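Notes to accompany the following structure.
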Amino acid sequence: MCYALLTARARTRVELRDALLRKGISESTAELVLGKFDRAGLIDDAAFAEVWVRSRHTHQGLGRRALALELRRKGVADEVAAEAVAAVDDEAEQERARELVRKKLRTLGGVDDTTKIRRLVAALARKGYAEGMAYRVVREELRRAGEEAEGLDDLLSD
């Protein structure tokens, strides 16, 4: 079963353990099997985290906070997750946020400025971007697009 799961995609040790337990495998047998997979180099949570972060940031546009949360849910240790998420630097995260705002902005043509700002910031928040960065990126992208960002200026001046 572990081979089949690993053939589809890389998995964390916790994911494999949970799958074995769901199939009725005893805890001791599961640990024995996973120990063998560990020794064979087939389970590597650090490598999994690195690939996961790169993929989800690039293709889903997730920010560091969302990436860390996903890794925690997958059973990756906090220090391993932190190291993997650190590979996404401020500049890369900000650029990906800009791309997301530009894409979303194209769909908000007939919407008033306040609603537009709210929707753009909310979209970034759902993707795990920090509030301050979300406001800053939205303001800059609205200005770049030649639109008003006064509502954001008022929010950020407080």
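Everything numeric here is computed off the predicted structure, so don't read it as measured data.
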Checklist line | Test item: Glu31 and Arg17 side chains (from C-beta on) under 4.5 Å apart, heavy atoms | finding: yes

Notebook entry, point to check: Given side chains that start at C-beta, do those of Leu42 and Tyr3 come closer than 4.5 Å, heavy atoms only?
Noted result: yes

Notebook entry, point to check: When rounded to the nearest 0.5 angstrom, what is the spacing between CG in Leu120 and OG1 in Thr107?
Noted result: 8.0 Å

Margin query: Please check this pair: side chain of Asp45 against backbone of Arg13, looking for a donor-acceptor N/O pair closer than 3.5 Å.
Written below: yes

Item checked: For Gln60 against Arg96, the heavy-atom pair lying closest together -> C-NH2, 4.1 Å

Margin query: Ignoring hydrogens, what is the shortest heavy-atom contact between Ala84 and Glu50? Give both atom names and the distance.
Written below: CB-N, 4.0 Å

Margin query: Could you measure the distance from the CG atom of Leu34 to the CD1 atom of Ile43? Nearest 0.5 Å is fine.
Written below: 4.5 Å

Check: Tell me, do Leu62 and Lys127 make a side-chain contact under 4.5 Å, heavy atoms counted?
Finding: yes

Note to self: How long is the straight-line distance from CZ of Arg139 back to CZ of Arg143, given to the nearest 0.5 Å?
What the structure shows: 5.5 Å

Next item on the list: Check step by step if salt bridge (Lys or Arg N to Asp or Glu O under 4.0 Å) holds for Glu141 and Arg144.
Entry: CA-CA 5 Å; Glu141 287 305 310; Arg144 190 185 71 73; 2.8 Å; yes

Margin query: If you define the side chain from C-beta out and look only at heavy atoms, does anything of Val14 sit under 4.5 Å from Lys74?
Written below: no

Margin query: Checking Glu91 against Gln94 for the side chain to side chain contact (heavy atoms under 4.5 Å, CB included) test, could you report, in this order, the C-alpha distance in whole Å, the side-chain angles of both residues, the deciding distance, and whether it holds?
Written below: CA-CA 5 Å; Glu91 189 176 316; Gln94 213 167 30; 5.8 Å; no

Check: Counting only heavy atoms not in Glu83, do more than 12 sit closer than 6.0 Å to its CD atom?
Finding: no

Notebook entry, point to check: Under 3.5 Å, side chain of Arg64 to main-chain N/O of Glu93, donor-acceptor pair present?
Noted result: no

Notebook entry, point to check: So which heavy atom on Ala19 is nearest to which on Leu5, and how close?
Noted result: CB-CD1, 3.5 Å

Notebook entry, point to check: Taking all non-hydrogen atoms of both residues, which atom of Leu100 and which atom of Gly61 are closest, and how far apart?
Noted result: CD1-O, 3.3 Å

Check: Okay, side chain of Thr12, backbone of Gly75: is any donor-acceptor separation there less than 3.5 Å?
Finding: no

Next item on the list: Establish whether Val111 and Leu105 are linked, either directly or via other cluster members, by ILVMFWY side-chain heavy-atom contacts under 4.5 Å.
Entry: yes

Note to self: Tell me the closest heavy-atom pair linking Phe37 and Cys2, and the distance in Å.
What the structure shows: CZ-CB, 3.4 Å

Next item on the list: Would you check if Val138 and Lys116 make a side-chain contact, meaning some heavy-atom pair closer than 4.5 Å?
Entry: no

Notebook entry, point to check: Do you know the tightest heavy-atom contact between Val76 and Ala81?
Noted result: CG1-N, 3.8 Å

Check: Atom CG in Leu16, atom CG in Leu6: separation rounded to 0.5 Å?
Finding: 5.0 Å

Check: Rounded to the nearest 0.5 Å, how far does CH2 of Trp52 lie from CD of Glu70?
Finding: 5.5 Å

Checklist line | Inter-residue atom distance Arg56.CZ - Leu71.CG, 0.5 Å rounding | finding: 10.0 Å

Check: Counting only N and O atoms by type, is there a donor-acceptor contact under 3.5 Å from the side chain of Thr58 to the main-chain atoms of Arg54?
Finding: yes

